[in-house]
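Structure record follows, encoded as structure tokens.
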Amino acid sequence: QVQLVESGGGLVQAGGSLRLSCAASGGIFSSYAMGWFRQAPGKEREFVAAISRSGMGTYYADSMKDRFTISRDNTKNTVYLQMNSLKPEDTAVYYCAADPRFPNSDSNIVPHWGQGTQVTISK
């Protein structure tokens, strides 16, 4: 059973940047595609980005592909989400996901989740 721990969230001003990290343990990291989802207050969890097992393939939600970059380091069992040009509407809890399927943008079938990290963007 893989365990996922996110970090790197915080409060930044609009236009700023953040880099989220997700450290995995308890499983074979390179056997999972990895993804990021987010959930704003009162809204459903939505897909942000996914990366293949090798890191060669990436997939983004249309509204974020120009500002966000997903990457992974299989030697460190870690996946990252670089977020630039942040907007107040990016405020949400960001969740790391591990999934044998790539790409998977359906939060209902993701088998492994982290606990989430809060990202707050001020105007």
Side-chain angles (χ1 to χ4, degrees):
Q1 181 83 359
V2 63
Q3 289 87 45
L4 306 172
V5 179
E6 302 95 334
S7 61
L11 172 65
V12 298
Q13 289 187 330
S17 298
L18 276 176
R19 187 194 196 202
L20 306 183
S21 299
C22 172
S25 62
I28 302 174
F29 183 67
S30 59
S31 69
Y32 292 97
M34 300 297 295
W36 289 94
F37 291 73
R38 69 184 186 183
Q39 188 166 18
K43 295 187 177 181
E44 293 187 353
R45 193 168 296 191
E46 67 172 339
F47 171 75
V48 175
I51 190 165
S52 63
R53 296 179 184 86
S54 67
M56 295 297 291
T58 57
Y59 180 69
Y60 295 91
D62 286 343
S63 62
M64 299 167 224
K65 61 184 178 182
D66 293 332
R67 300 184 295 121
F68 292 4
T69 303
I70 189 171
S71 61
R72 67 189 292 164
D73 186 339
N74 285 351
T75 67
K76 297 182 178 179
N77 291 356
T78 302
V79 62
Y80 306 97
L81 184 68
Q82 178 68 43
M83 305 186 294
N84 299 326
S85 301
L86 285 162
K87 306 174 182 179
E89 51 264 42
D90 293 318
T91 295
V93 178
Y94 284 70
Y95 295 91
C96 178
D99 196 318
R101 295 158 291 211
F102 174 80
N104 175 29
S105 60
D106 184 350
S107 63
N108 292 309
I109 59 174
V110 169
H112 306 291
W113 292 103
Q115 84 288 349
T117 186
Q118 177 70 48
V119 171
T120 304
I121 311 302
S122 63
K123 295 181 181 178

Nearest 0.5 Å please: distance from the [atom1] atom of [X] over to the [atom2] atom of [Y].
X: T78; Y: E6; atom1: OG1; atom2: CD; answer: 11.5 Å
X: R72; Y: S21; atom1: CZ; atom2: OG; answer: 13.5 Å
X: S25; Y: Q1; atom1: OG; atom2: CD; answer: 10.5 Å

Quick one: closest heavy-atom pair of [X] and [Y], and the distance?
X: T120; Y: Q118; answer: OG1-NE2, 3.3 Å
X: D106; Y: N108; answer: OD1-N, 2.8 Å
X: F37; Y: S105; answer: CE2-O, 3.7 Å
X: S17; Y: S85; answer: OG-N, 4.3 Å
X: G114; Y: Y95; answer: O-CD2, 3.6 Å

Under the ring pair (Phe, Tyr, Trp, His ring centres under 6.0 Å) rule, collect the residues that match up with Y59, sequence neighbours excluded.
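Checked Y59 against ring pair (Phe, Tyr, Trp, His ring centres under 6.0 Å); matches are F47.
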More than 12 heavy atoms of other residues, nucleotides or ligands under 6.0 Å from CG of L11: is that the case?
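Yes - once you tally the heavy atoms of other residues, nucleotides and ligands closer than 6.0 Å, there are more than 12.
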Take atom CD in Q13; do more than 12 heavy atoms of anything else shown fall under 6.0 Å from it?
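It does not: Q13 CD has 12 such atoms or fewer within range.
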Please evaluate residues S30 and I28 with respect to the criterion side-chain contact (heavy atoms from CB on, under 4.5 Å), reporting the C-alpha separation (whole Å), side-chain torsions for both, the decisive distance (0.1 Å), and the verdict.
CA-CA 6 Å; S30 59; I28 302 174; 3.7 Å; yes
Ring of Y80, cation from R19 - is the NZ or CZ under 6.0 Å from the centre and inside 45° of the axis?
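Yes, a cation-pi geometry.
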If you define the side chain from C-beta out and look only at heavy atoms, does anything of R38 sit under 4.5 Å from D90?
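R38 reaches D90 side chain to side chain.
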Measure the shortest side-chain to side-chain distance between P111 and R101 over non-hydrogen atoms and say whether it is less than 4.5 angstrom.
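Yes, side chains in contact.
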Short side-chain to backbone donor-acceptor contact, N74 and R53, under 3.5 Å
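Yes, because the side chain of N74 sits within donor-acceptor range (under 3.5 Å) of the backbone of R53.
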I'd like to check the side-chain hydrogen bond (donor to acceptor under 3.5 Å, both in side chains) partners of Q39; sequence neighbours left out, ordered by chain and number.
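Only R45 meet the side-chain hydrogen bond (donor to acceptor under 3.5 Å, both in side chains) criterion with Q39.
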Apply the hydrophobic cluster definition, ILVMFWY joined by side-chain contacts under 4.5 Å directly or through others, and give me every member besides Y94.
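Y94 shares its hydrophobic cluster with V2, L4, V12, L18, L20, F29, Y32, M34, W36, V48, I51, Y60, M64, F68, I70, V79, L81, M83, L86, V119, I121.
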